[in-house]
Amino acid sequence: MKLIILDHYFQASEWAAKYIRNRIIQFNPGPDKYFTLGLPTGSTPLGCYKKLIEYYKNGDLSFKYVKTFNMDEYVDNTHILNGNAADLQAECDAFEKKIKAAGGIELFVGGIGPDGHIAFNEPGSSLVSRTRVKTLAMDTILANARFFDGDLTKVPTMALTVGVGTVMDAREVMILITGAHKAFALYKAIEEGVNHMWTVSAFQQHPRTVFVCDEDATLELKVKTVKYFKGLMLVHNKLVDPLYSIKEKEIEKSQSSKKPYSD
Ligand code: PGA
């Protein structure tokens, strides 16, 4: 597991966006090889999405050969659960099949709730769960009322969510955690054992997880933990520096095709 600690929300969002950009470009997606990206809802990823949009507009990143599951932010190739489907479980099963048909998820980006839920896998969710209907915890209803005019009665009480097992199947998982209100959840996620009451802790057992957080989110961690991971930032920053651009890739391609024949 990697823990990336940046000063503030903006820097954490930018680091995450750069990481996603480099992963997509290095994967070298094409018509026969799509990059499959799992994306979260919620407010945490907004800063990261803004950066990704900026990279796209500047021509540094393309989503042409990227398939997303969960969000419908980018052009085609998107899959989102339909919470109004007549048969909700059939909708969930079909979603799992679509992920499988796409070759599985290369990078699953997730956010967490203050109660440590990943996607809507509320406390007590099975750590091997798949996509299904979940009843939302009161903590989540309270936290999300801000998206519904602050009116608790308007917040849906149920949601469709990918399971912990669905996210665990991704080849890599990146979890964004910012703000002091998530500090206890981050502590439970990385300093305590795997526990279904803090479903994000399951990712201790994923072979490739990167947590990206800001200083505020580290408030409940041991000074020793924070120092240890900050000491690794020199190495971890190499994941986003150099920052790749598809413009350079295109130039490289055109130059290699122009190379004179030599033997
Ligand atoms: P937030 O929600 O990003 O708006 O804090 C995250 C979540 O509840 O999973």
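Just so you know, ligand 1 is whichever comes first in the structure, and atom 1 is the first atom listed for that ligand.
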Asker: Does His117 reach ligand 1 with a nitrogen or oxygen that is under 3.5 Å from one of the ligand's nitrogen or oxygen atoms?
Answerer: yes
Asker: Start with the C-alpha distance between Ile141 and Leu136, add both sets of side-chain angles, then the distance that settles side-chain contact (heavy atoms from CB on, under 4.5 Å), and finish with yes or no.
Answerer: CA-CA 7 Å; Ile141 293 177; Leu136 298 183; 4.0 Å; yes
Asker: What do we get for Glu122 next to ligand 1 when only non-hydrogen atoms under 4.0 Å count, side chain, backbone, both or neither?
Answerer: neither
Asker: Is it true that the NZ or CZ of Lys33 lies under 6.0 Å from the centre of Phe27's six-membered ring and within 45 degrees of the ring axis?
Answerer: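 Satisfied, under 6.0 Å and within 45°.
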Asker: What are the atoms of ligand 1, with element, lying closer than 4.0 Å to any heavy atom of Gly42?
Answerer: 3 (O), 4 (O)
Asker: With atoms numbered from 1 as shown, which atoms in ligand 1 lie under 4.0 angstrom from a non-hydrogen atom of Arg146?
Answerer: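 Those of ligand 1 that fall under 4.0 Å from Arg146 are 1 (P), 4 (O), 5 (O).
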Asker: Please report the shortest heavy-atom distance between Ala185 and Ile112, naming the atom on each side.
Answerer: CB-CD1, 3.5 Å
Asker: Kindly write out the residues that satisfy ring-ring contact (aromatic ring centres under 6.0 Å, His included) with Phe120, not counting sequence neighbours, or none if the list is empty.
Answerer: His117
Asker: Tell me which part of Ile112 gets within contact of ligand 1: side chain, backbone, both or neither, using heavy atoms under 4.0 Å.
Answerer: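 The backbone, only.
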Asker: Ignoring angles and geometry beyond distance, decide whether Ser43 reaches within less than 3.5 Å of ligand 1 through its nitrogen or oxygen atoms.
Answerer: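 It does: an N or O of Ser43 is found under 3.5 Å from an N or O of ligand 1.
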Asker: Other members of the hydrophobic cluster containing Phe10, with the 4.5 Å side-chain heavy-atom rule, please.
Answerer: none
Asker: For the backbone of Asn82 and the side chain of Glu91, can you confirm whether one donor and one acceptor N or O come within less than 3.5 Å of each other?
Answerer: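 Yes: the side chain of Glu91 pairs with the backbone of Asn82.
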Asker: Hey, does Lys182 come in under 3.5 Å of ligand 1, counting only N/O atoms on both sides?
Answerer: yes
Asker: Which protein heavy atom lies closest to atom 3 (O) of ligand 1, and at what distance to 0.1 Å?
Answerer: Thr44 OG1, 2.4 Å
